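Each remark here refers to the structure printed beneath this line.
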Amino acid sequence: MKPEGKKRIWSEYQKDIADDKFYFVRSCIRQTFFPGSDTTFLKILREVLGKDVYENPDHTTCTGIGYHTEVVPFPTIQTVVARNFALMREKGYVNYTPSCVTSFGIYTEILETWHHFPEEKEKTRGYLKKATGREFEEPENLAHTSDVLYKFRNEIAAKAKYKLINKHTGKPLKVVDHIGCHYAKMFPSKGVGGAEYPQVLAGLVEAFGGEVIDYPERRHCCGFGFRQYFVQANRGYSISASKKKFESMEPFQPDFIITNCPGCNYFMDRWQYALGEMEGKTYGQNGEGIPVLTYEEVAGLVLGFDPWEMGMQMHQTDVEPLLRKMGVEYDPDKKYKGPNGEDLGKPMSPRFVKENA
Amino acid sequence: MRYHPFTLPFSIGLGFIMLYIIVMWTIWIVRLSRREQKIVWKRLFSFRTISAIWESIREGLLHRNIFKRNVLLGYMHMSLAFGWFMLIVLGNLEARLYPHGVINPPYYPIFFEFFRHDLTPLHEYEEIFTFLMDFFLLMVISGVSLAFFKRFRSRTLGMKRTTRHILIDRIAITALWFIFPLRLFAESVTAGLYNTGHFFTNFIGQWVIYNLPLDYLYYPAWWAYSIALGVFFITMPFSRYMHIPAEILLIFLRKYGVKEKESHSTFTKIELSACSRCGICIDACQLSTSLNISDTQPAYFIRDLRYSQPNERLRETCMMCMRCLEACPVGIEITRIRENERREHPLFSASSYGYINGYKYPKAKVAYFAGCMGHLTPSVIKSTLALFDAANVDYTFIDKNGSICCGRPLQMNGQVEAAKQLIDKNNHLIGESGAEVLVTSCPICAREFATSYHLAIPVLHHSQFLLELTQQKRLNFNQSGLKVTYHDPCELSRGLHITSEPRELLQHAVILSNGSKETESKSLCCGGSLGITNISMAERNKIATDTLNEIVAESSSYLATACPMCRKTFANAQDKIKVLDIAEILEKNLNFAPEKVSEKNQSPIKQQAVIS
Amino acid sequence: MKKVAVIGGGVTGLEAASQLAQMGYTVTVFEKNSAAGGHVSKWDRLFPNRRHSIEVVNELKSYLNGNPAIYLSTAINKVTKKDNRFQLEAYNQVFEADAVLIATGFELFPAERKEEYGYGIYDNVITSAELEGMFKENGYPVKRNGDKPKRLAFIHCVGSRDEKVKRPYCSKVCCVTAVKQAIEVKEAIPEAEIFCLYMDLRMFGPGYEDLYKEAQQKGINFIRGRLSEASELEGSRVLIKTEDTLSSKPLKMSVDMVVLMVGMSPAQGTDELIAALGLQPNKDGFVEITDYHLNPVKTKVDGVFAAGACTGPNNITDSINAARSAAVEIHKYLNNK
Amino acid sequence: MIDFGFAPMEVSVHNMDTADLSLAHWINLHDETFNHCIACGSCAATCTAGQFTNFSFREVCHAIRRGEIKSAIDESEKCMLCGKCTLVCPRNVNTRNIIMLIRKANLTFRP
């Protein structure tokens, strides 16, 4: 690997990311599966970096999953997106910051469509007016929440309590960065570092002292294709895709996986369990799984946030091996305790993927 | 004196070989199948026996077939076989002229010159006998000299290549070559001492008496002669010379109708032993003449099969063109044996072709079958059908929508179980089509249909059918005056013995001119052979061009052939001469008689083909 | 004595200059690099007979004996036409000529533009031109760590027949070059396993198809399919993925070295050079010729001719032919003036 | 093991790193024309067996080059050995010989 080559490519794919006044938009599935990540994002931006982040309770889904499964027609999704844009302008914000990669892809696609086919935008204007009476303007800046953390990676690193370094060996942790397909594969120029060698998470990992490993299937989909996962008969395709990735990364012995996409995070986390139960196969070290973290969780850990407060016990693939490697101070007993110390109940353990080995 | 110890080596050898022959003949005859034994007994006292005796003399002693090939080579074989035979016969007669009477020990006539010198003949013909004995000895010696000469200059005897022999053959042949010079020497020494010889032995004896110490050589010479005979007899059963007794049995059995079956049999064992490895098959083989592959011919293949197992290369490196079969002076069914040997190595299972089950041929009266190769030469099909149309034949092109292979290629390669599936299917489908006659322009198919199928209808090559139509005046041709060389396809000429029909047919339209004697049953293979897989296309092309160079007369405008594969092979190999099928040439020169055309116009119903 | 200016000192420029000088014109060759010979001088051996390219270059250079004269390291910035006379500007100098031959040749496709192939990023992804350099230097290819590669893949059509990188045309020479190089690698490293990933094998010239068959005989494997992406494995091996289109199935394999058969791109600066004359590039970016059949060296502007790879991908034979053709056309033009 | 009602699929990719090319090498050793194929498909187009079934000599050879030995050997049995392909092959690939070699491989190479 020639680092200078990668840097040259990265230099060609840098994008404008706003530095304050973010209009935050949630991901449908992540706030359910990893709600702590959204909270962590807000906490980092507001409390650590002192930024203004506005979250509007009236905003809705982008309907991306419905759109990609051909349930929602294109005029409909354009109108829904236009409504969300309108809500932002109504609150006086111009920097649209979705936390979902599929949404980010949808917004990018629709903005590009409007750019090339202004008549679509005009039609949408009419639909929105008719449906809600609202007017909308395009955001001035569209950045995914991982873009925002990427932008502030050095500020975060400067305040870090921990580094992505193995406490026992002193070597950088080996990290697999997985970028959601819809982040840059459709519009490479809209992603930090482009589509082939994305920098958005690699930049974070390197800023935090870790080492990104480049494994053959790094560009491969996590397996969550909507049409694959949502139809049970097709789920074999879904898990095959994940398996292909795990098999490809396994020889590199990654310490954890970082993703910037809610679906990827969920699938790479849960499918390790499913593959373990189906085939008895685990991909991490010592029979463990490979922990799969969101970028906010990684940033939060680095900043010294409490893992359980960030909801990291919600991962099906246990994160404790990573916490120990990083030397994070945490209380194992609080793992399944609520904020007020109440018992949340411990989930059943997987039979094959070892926990807390 | 009627005994001397030097006769022992000979006597032991003779005893051994006689016993061996009796035992082997008995074993072979006993092991023939019950049916074969039955026909042998039935036909034993018939003209066939006389015919077999004559053939034994003709081929076993006089070697007529070899004479036909090359006079000098024929003489060489004849002088050895017939000369020796005469020495034995005359020696026996001569010995009986002397006082010891009619009953002699077996060695006595052989070494008679040794025993004779102190005897007085009882007969006035002594002079003639001694002359004859010298004469035939001279004949044999001349044969031995030729055989020796042949080792170095085989071309003089019409053989480009001779067989490379194995050790046991070398020992036997050396013994054989020594027998007669030693006999000559022993008899000459005796003649020198006792003047018992005639023009030859006396002459040499006189020379010897002045140059060599005869007294010392007298006994050693007779010992050496006897030992040479003994060695020859002992080695005979294990060497090529087993062919002498085996060939005699073979000739008789063949006359009685015993032949090769679909797998190796006792008869095969006799045939294998009857091969003298004379090597005539090597020159007959185009793999040798064109490609320098000179170690897989029957002489070697049969040898290996007799002693053990021929290897894969030996088994497979043969075009199955049957030229060796045609050339073999012993008439061994070489190609059949090779095919049977290939059958021992099945590579395809008996369930390979399930996919043809749903296929059907259309209803037909005269069924025309182009075959696989025919489909590669559409112009042949077109011309053939145009001729059928012109003759108002009510035909159906039954494999217009695709042939099922006739099975011959598989069969030639020993894949008999696989071939059977195709044969059964085709057999059934042709029967189902209701055809009254099956015409094909492919000799490969024709041979397979005629020999491996059990069709209740006549199978004709298109040359036969077209000739018949011409003879019935249903086809007329203009004589173009063009000169054409006709090439006999292997499967048609040697396989089906169809050589005159194509010629007769062609002569209606062109003038035939052949540039070679290698024609009809001796015709050269085009090299396209389906019987071989392990030669390259470049090698096939070499065979094709060599064949064309040999057979095409300079004046010829076209090469005519009667096989789509030959046609394609020749055409692919060169650009010099245009290659056409008989049907194509005929169609070019078709003459529509005016009355014929009007008849056709009047009656739209086509006439039914009448085929005897 | 009429003057002809030849812009470009590669095979086309040198050959045309030599022919024109023999016809009695005063010829000046302008070469922007410090040595004449163009791309060919960087090559080790040439298809189809694997002649050393230095022979060709030296022969062409030997013509430079005063007339034609050559200015090295002299890039012409602008050409203008005034009353049938041309003025060529280079730095601070101005040259005059009665006719101009554009022979600016081509540039190799910048392989890093196919990002997914990892050129410039992975250790052992190189271009065909770099492989020639290795042949020149060592006689065999070397990995970045100095070892000989044991398994190589040649990727055809890199920057050719690819609308994604705006090179929709065929560069003509890469197929046969790949086959030639594959044979050379096999001869240098007999145990090497070599794969050529091709779209079509365009073996149009004399002896090219023979070279292809020779490669097949030497056991070089041909896989029909375009490289989709390359990834680096441990040990700086490269995993390549393609579709094996002959069996309609994806195919992957790891190799020690990937050689990208970079195509011919229009030379940078030629557009600007000819713009002042009112000439435009054709749709592929090469100098536009007015008559591709009957006069393949003539441009829209009288007195301006173009030959060789500046008009589109060419092999050496094509370039030499075009150069001679240009010499004849220039002669006709100058005599009829 | 839990049955979730779905499972990872068989990988449908030619992996040239693990492909068993022993048969390809063996055939090439016995008949170098095996390598001369340019995948034009003349053989399959003219094939007598190919009229009735999807047998393709080109595909059989290709499968061998990709290490799919078993399917290639199984498929080769559909050949009728008629020899049309040998006559049409523009690269003079000795097709029948290769079929015979594959059939022989059935006895020794079959995994």
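Chain letters run A, B, ... following the sequence lines, proteins first, then strands; residues in each count from 1. Bear in mind the structure is a predicted one, so any value in this text is a computation, not a measurement.
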Tell me, for [X] versus chain D, whether the close heavy atoms (under 4.5 Å) come from the side chain, the backbone, both or neither.
X         : result
Asn401(B) : backbone
Gln421(B) : neither
Ile535(B) : backbone
Tyr353(B) : side chain
Thr377(B) : neither

Hey, does [Y] have a side-chain heavy atom less than 4.5 Å from the side chain of [X]?
X         : Y         : result
Leu107(D) : Leu347(B) : yes
Met373(B) : Leu87(D)  : yes
Lys104(D) : His345(B) : no

Any idea which of [options] has the most non-hydrogen atom pairs under 4.5 angstrom with chain D?
options                                    : result
Thr569(B), Ile404(B), Asn572(B)            : Ile404(B)
Gly354(B), Gly371(B), Ser403(B)            : Ser403(B)
Ser536(B), Gly402(B), Pro409(B), Ala538(B) : Pro409(B)
Cys372(B), Cys406(B), Gly407(B)            : Cys372(B)

* To do: Any chance you could lay out the side-chain contact (heavy atoms from CB on, under 4.5 Å) test for Asn413(B) and Leu81(D), step after step, and finish with the verdict?
  => CA-CA 9 Å; Asn413(B) 288 285; Leu81(D) 225 53; 3.8 Å; yes
* Counting only heavy atoms not in Lys420(B), do more than 12 fall under 6.0 Å of its NZ? ->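 12 or below, so no.
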* Asked: Hey, is CG on Asn357(B) packed in by over 12 heavy atoms from elsewhere, all under 6.0 Å?
  ->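 Enclosed.
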With a 4.5 angstrom heavy-atom cut-off, is it the side chain or the backbone of [X] that approaches chain B, or both, or neither?
X        : answer
Thr95(D) : neither
Thr46(D) : side chain
Ile99(D) : side chain

Measuring from atom [atom1] of [X] to atom [atom2] of [Y], what distance do you get when rounded to the nearest 0.5 angstrom?
X         : Y         : atom1 : atom2 : answer
Asn92(D)  : Arg540(B) : CG    : CZ    : 10.5 Å
Leu422(B) : Met80(D)  : CG    : CE    : 5.0 Å
Lys84(D)  : Lys568(B) : NZ    : NZ    : 10.5 Å
Arg103(D) : Ser349(B) : CZ    : OG    : 6.5 Å
Gln415(B) : Glu77(D)  : CD    : CD    : 9.5 Å
Thr48(D)  : Asp399(B) : OG1   : CG    : 9.5 Å

Short side-chain to backbone donor-acceptor contact, [X] and [Y], under 3.5 Å:
X         : Y         : answer
Tyr355(B) : Lys78(D)  : yes
Arg96(D)  : Ile532(B) : yes
Asn94(D)  : Thr533(B) : yes

